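All remarks here apply to the structure that follows.
Read the numbers this way: they start at 1 and go in the same order the structure lists the ligands and their atoms. As the structure is a computational prediction, the values presented were derived from the model and not from experiment.
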Amino acid sequence: MLTISTAGIIMTLCLLKSAEASSVRFFSVDRTQQKDGAPPSGKSKAVDEPIVVNVNLQQSFSTIDDRFVGVTLDLWSLLDTWGTLDFNSRQVQNMARALAPCYFRLGGGGSDSMTFVVDDIDTHLKHPVPNPPLFNLTATQWIAVNEFVQAVGWDFIFDFNALKRNADGSWNPDNARQLLQFSADRNYTIVGFQLGNEYEYFPGNYQKNLSAEQYAKDTVSLRQLLTEFPNYYSSFITGPETVNTAVQYFKAYLAAGAYKTVRAASFHQYYFAAPNGALANFTDVQVMDLLVARLDDVIGQASSVDPQLPLWLTETSSAALGGMFGVSDRFVAGFLWLDKLGLCASRSIQTVIRQDFYGGNYSLIDANLNPNPDFWLTVLYKRIVRGAVFHATGRHDVRVYAACANTDNFPAGSLVVYMLNPNNCTVTFDLRQFNTQPRFSYSLTAGDSDGLVSKFMALNGVKLELVNDELPDLKPESAPRGVVTVPAYSYTFLVFPEAGVSICLH
Ligand SMILES: *[C@@H]1O[C@H](CO)[C@@H](O)[C@H](O)[C@H]1NC(C)=O
Ligand SMILES: *[C@@H]1O[C@H](CO)[C@@H](O)[C@H](O)[C@H]1NC(C)=O
Ligand SMILES: *[C@@H]1O[C@H](CO)[C@@H](O)[C@H](O)[C@H]1NC(C)=O
Ligand SMILES: *[C@@H]1O[C@H](CO)[C@@H](O)[C@H](O)[C@H]1NC(C)=O
Ligand SMILES: *[C@@H]1O[C@H](CO)[C@@H](O)[C@H](O)[C@H]1NC(C)=O
Ligand SMILES: *[C@@H]1O[C@H](CO)[C@@H](O)[C@H](O)[C@H]1NC(C)=O
């Protein structure tokens, strides 16, 4: 730790991070704080000076609703008949209910290999044909997932196979029609649909290529198909579900007319591929900033076609290709996840759907059906943060976000400020506007001595675990007024129930 004073401003820097010239494009960092590279001069004190946080409460540039955070399940998990996921488990249902209301997307890499088969006998593929394995989604499996979604109160979004093609290259809707008919007969609610997943992989994985123009036409065909079914007539469509590399295609698809058909332009995002990942990536603000750059691109491309078009991040996690073993499911994963929620909220991304609820190393619940740290973080986020989003100043080596607090749990007018400290040193924050205000604190730290790679998370020092298959009370602590201390490698939500923020009163 280093304490320096420049031009009369005293700062405490974390040595590990201070040298990084990270460009945080979103935050307009308080100019008086932006002198980290300057050589020490003048008198220095051996006392940590807090980071001054300013929240602009006059203006909100976006609003998040109760479905802002959702979850996925990957269709690949069907190859293993959902693995160990037991839809009838009370524990699983309770955890799923804790995330409701939310969008639930069933799709992903498996979508474009999948055929729906009306067959009461579960004929799932035991030994998948390699690359790409074609597989059946059986009626039995479809009924199981629909009953689960209904029971837990999720809003279902289903991703159809885009590679069912006619001889002329257009999308063949026959199998999708079969699935819709089967679903309509059982009155299943499916609020949204998609067509295909990450077109970038069509040529490499499927030896198929699809022009943006054709894909836009196919989206209209899907819209027409939905009109055949009163149950799904008013369901929405999102597209094109492209991932990191295809920003030009994303725009071309929308510009080819899809912007008139989709409820939201949808895209996917991962910071890096699991095999290239390192533990240090998960607490690196430069890695967090990769999302800033990506959102800039996507927002720019979409708004050049239609500035009003909503944007949804419909599949996202830390590391692509299943998540990073021993890291993506640990306490440390929360830094990228919470920062993503903060950034997306600030950037008017309406919906962020986490890959995934179950399966792989980035899941919210593990193979034994116990909650991973990001499960708790997601539940807390939904319970605490909702409504108008405000701009907050921070510093390049920490992250600070502010929004209205969820009025389901806090009085109207309450504000929440959430702060991430991805550094190996304690950081204090001076939230001047609220220093005299009472506050509730949710301090989230590693749940045991494994630290960053802990399988657990602690809330105000208490390790979070299910109790008899139920979630415990996730209660905050009344915290002392004045500056806020955020321990090394932790994040804190601070709710000001008496803030009386006028934008949060409505
Ligand atoms: C899918 O189901 C069809 C019809 O039941 C069957 O003929 C086919 O072998 C199945 N395909 C796979 C990959 O299991
Ligand atoms: C179908 O589901 C809708 C919405 O859940 C419900 O309002 C309606 O009563 C159901 N209809 C039948 C025939 O079950
Ligand atoms: C796919 O088609 C587009 C034109 O529609 C072309 O620009 C692109 O190079 C093709 N990609 C592959 C891998 O063939
Ligand atoms: C992740 O960390 C490794 C090891 O330090 C580094 O080589 C790599 O560039 C980092 N990845 C990103 C996306 O910054
Ligand atoms: C996690 O990653 C490891 C290494 O890639 C893999 O062997 C394992 O199957 C993954 N775990 C799950 C639950 O997918
Ligand atoms: C954080 O600092 C402590 C004490 O300086 C050190 O023991 C620990 O290894 C550091 N943790 C990480 C993840 O670098």
Side-chain angles (χ1 to χ4, degrees), residues 72-86 100-101 108-143 146-156 161 163-164 174-175 178-192 206 229-235 270 272-279 282 317-330 332-333 355-372 374-375 453 455:
T72 69
L73 198 56
D74 206 291
L75 269 169
W76 283 132
S77 58
L78 276 183
L79 287 174
D80 195 21
T81 43
W82 317 109
T84 56
L85 181 57
D86 175 5
S111 286
D112 301 304
S113 304
M114 181 275 302
T115 299
F116 176 65
V117 175
V118 181
D119 183 352
D120 285 333
I121 303 148
D122 196 330
T123 57
H124 72 275
L125 195 59
K126 293 256 177 15
H127 303 286
V129 185
N131 200 30
L134 300 176
F135 66 94
N136 291 334
L137 165 62
T138 63
T140 313
Q141 293 166 324
W142 185 241
I143 291 167
N146 274 280
E147 287 181 352
F148 176 74
V149 166
Q150 275 179 0
V152 301
W154 287 354
D155 285 345
F156 201 165
N161 186 340
L163 295 181
K164 300 276 183 199
D174 292 351
N175 191 244
Q178 221 183 331
L179 180 142
L180 291 172
Q181 189 59 61
F182 184 90
S183 307
D185 289 347
R186 281 159 183 78
N187 198 27
Y188 291 153
T189 301
I190 305 168
V191 300
Y206 302 93
F229 298 90
N231 287 63
Y232 309 116
Y233 185 89
S234 46
S235 298
Y270 295 86
F272 44 84
N276 308 328
L279 175 62
F282 286 72
S317 208
S318 50
L321 306 177
M324 198 175 153
F325 178 68
V327 184
S328 286
D329 57 348
R330 304 306 167 94
V332 70
Q355 175 90 351
D356 53 10
F357 179 63
Y358 164 89
N361 286 294
Y362 42 33
S363 54
L364 297 186
I365 70 174
D366 70 16
N368 299 319
L369 309 182
N370 288 315
N372 285 327
D374 277 358
F375 167 77
V453 292
K455 275 281 287 164

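Shortest contact from atom 10 (C) of ligand 5 to any protein heavy atom: Asn361 ND2, 2.7 Å. Scanning the protein for heavy atoms near atom 12 (C) of ligand 2, the closest one is Asn187 ND2, 3.0 Å.
No donor-acceptor contact under 3.5 angstrom links the side chains of Ser113 and Trp76, judged on distance only. Side-chain contact check for Asp185 and Gln181: at least one donor-acceptor pair (N or O, by modelled atom type) lies under 3.5 Å. Neither side chain, Asn161 nor Asn175, offers a donor N or O lying under 3.5 Å from an acceptor on the other.
You'll find the side chain of Ile190 reaches within 4.5 Å of the side chain of Ser183, heavy atoms only. In this structure, the side chains of Tyr358 and Leu369 come closer than 4.5 Å at one or more pairs of heavy atoms.
Within a 4.0 Å radius of atom 5 (O) of ligand 5, the protein contributes no heavy atom. Closer than 4.0 Å to atom 14 (O) of ligand 5 lies at least one heavy atom of the protein. Atom 2 (O) of ligand 2 lies below 4.0 Å from at least one non-hydrogen atom of the protein.
Less than 4.0 angstrom separates some heavy atom of Leu134 from each of these atoms of ligand 1: 13 (C).
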For this session: With salt bridge (charged side-chain N to carboxylate O under 4.0 Å, His left out) as the test, would you mind laying out the steps for Asp366 and Lys455 before giving the verdict?
Result: CA-CA 10 Å; Asp366 70 16; Lys455 275 281 287 164; 3.1 Å; yes
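The closest approach between Gly360 and ligand 5 falls below 4.0 Å for a heavy atom of the residue.
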